[in-house]
Amino acid sequence: MEDRPIKVLVIIGSARKANTYRAAERIREILQEEAAVDWEYVMLGDVGLEQCRGCYTCFDRGEEYCPIKDDSALLEEKMHAADGVIFATPVYGF
């Protein structure tokens with residue numbers, strides 16, 4: 001087995017680097033105490049994602065025919081390349 005860092009992708013749903021980001025950073029610190037970690041953050045606000053239009057083309061013809069051309073394929077590629085994915089999203093009140 002090769003001795004390579006664990007590749008972790010963190011997808012953050014917050015629009016800013018505040019409490020959710022700090023919580024993810026704390027997880028990184030804890031993990032790095034045990035093993036080498038290659039850590040990547042993706043802030044969803046920085047990724048070009050469109051909402052589904054409900055056209056059903058993906059169901060009828062296949063996902064490759066989806067009329068939406070956004071960054072979702074790049075995000076999916078990053079997820080498949082990672083050893084682990086963390087989804088970090090804030091919980092808002094009031």
Does [X] share a hydrophobic cluster with [Y], counting links as ILVMFWY side-chain heavy atoms below 4.5 Å and allowing steps through other members?
X     : Y     : result
Val85 : Val47 : yes
Ile86 : Tyr21 : yes
Met79 : Trp39 : no

Going from CG on Leu75 to NE2 on His80, what distance comes out if it is rounded to the nearest 0.5 angstrom? 10.0 Å
Between Leu44 and Phe87, does a side chain to side chain contact (heavy atoms under 4.5 Å, CB included) hold up when you go through it step by step? CA-CA 10 Å; Leu44 285 183; Phe87 294 94; over 6 Å; no
Applying salt bridge (Lys or Arg N to Asp or Glu O under 4.0 Å) as the test, list every pair that has at least one member in residues 81-90; sequence neighbours left out. Arg4-Asp83
Where at least one partner belongs to residues 23-43, residue pairs that pass salt bridge (Lys or Arg N to Asp or Glu O under 4.0 Å), sequence neighbours excluded: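 Every salt bridge (Lys or Arg N to Asp or Glu O under 4.0 Å) pair that includes a residue of residues 23-43, provided the two are not neighbours, is Glu25-Arg28, Arg26-Glu29, Glu40-Lys78.
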Just distance, no hydrogens or angles: give the donor-acceptor pairs under 3.5 Å from side chains in residues 8-17, sequence neighbours left out.
from, atom 1, to, atom 2, distance (Å)
Ser14, OG, Arg16, N, 3.3
Ser14, OG, Arg16, O, 3.1

Would you say that more than 12 heavy atoms from the other residues, nucleotides or ligands in this model lie under 6.0 Å from the CD of Glu77, or not?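 Counting other residues, nucleotides and ligands, CD of Glu77 stays at 12 neighbours or fewer.
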Do Ile6 and Leu31 have side chains that get closer than 4.5 Å, going by heavy atoms?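 Not in contact.
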Quiz: residues 62-74 side-chain donor-acceptor pairs under 3.5 angstrom, not counting sequence neighbours:
from, atom 1, to, atom 2, distance (Å)
Lys69, NZ, Cys66, O, 2.6
Asp70, OD1, Ser72, N, 3.1
Asp70, OD1, Ser72, OG, 2.8
Asp70, OD2, Glu50, N, 2.9
Asp71, OD2, Gly48, N, 3.0

Taking ring-ring contact (aromatic ring centres under 6.0 Å, His included) as the definition, give me every residue that meets it alongside Phe59, ordered by chain and number, with sequence neighbours left out.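 Partners of Phe59 under the ring-ring contact (aromatic ring centres under 6.0 Å, His included) test: Tyr56.
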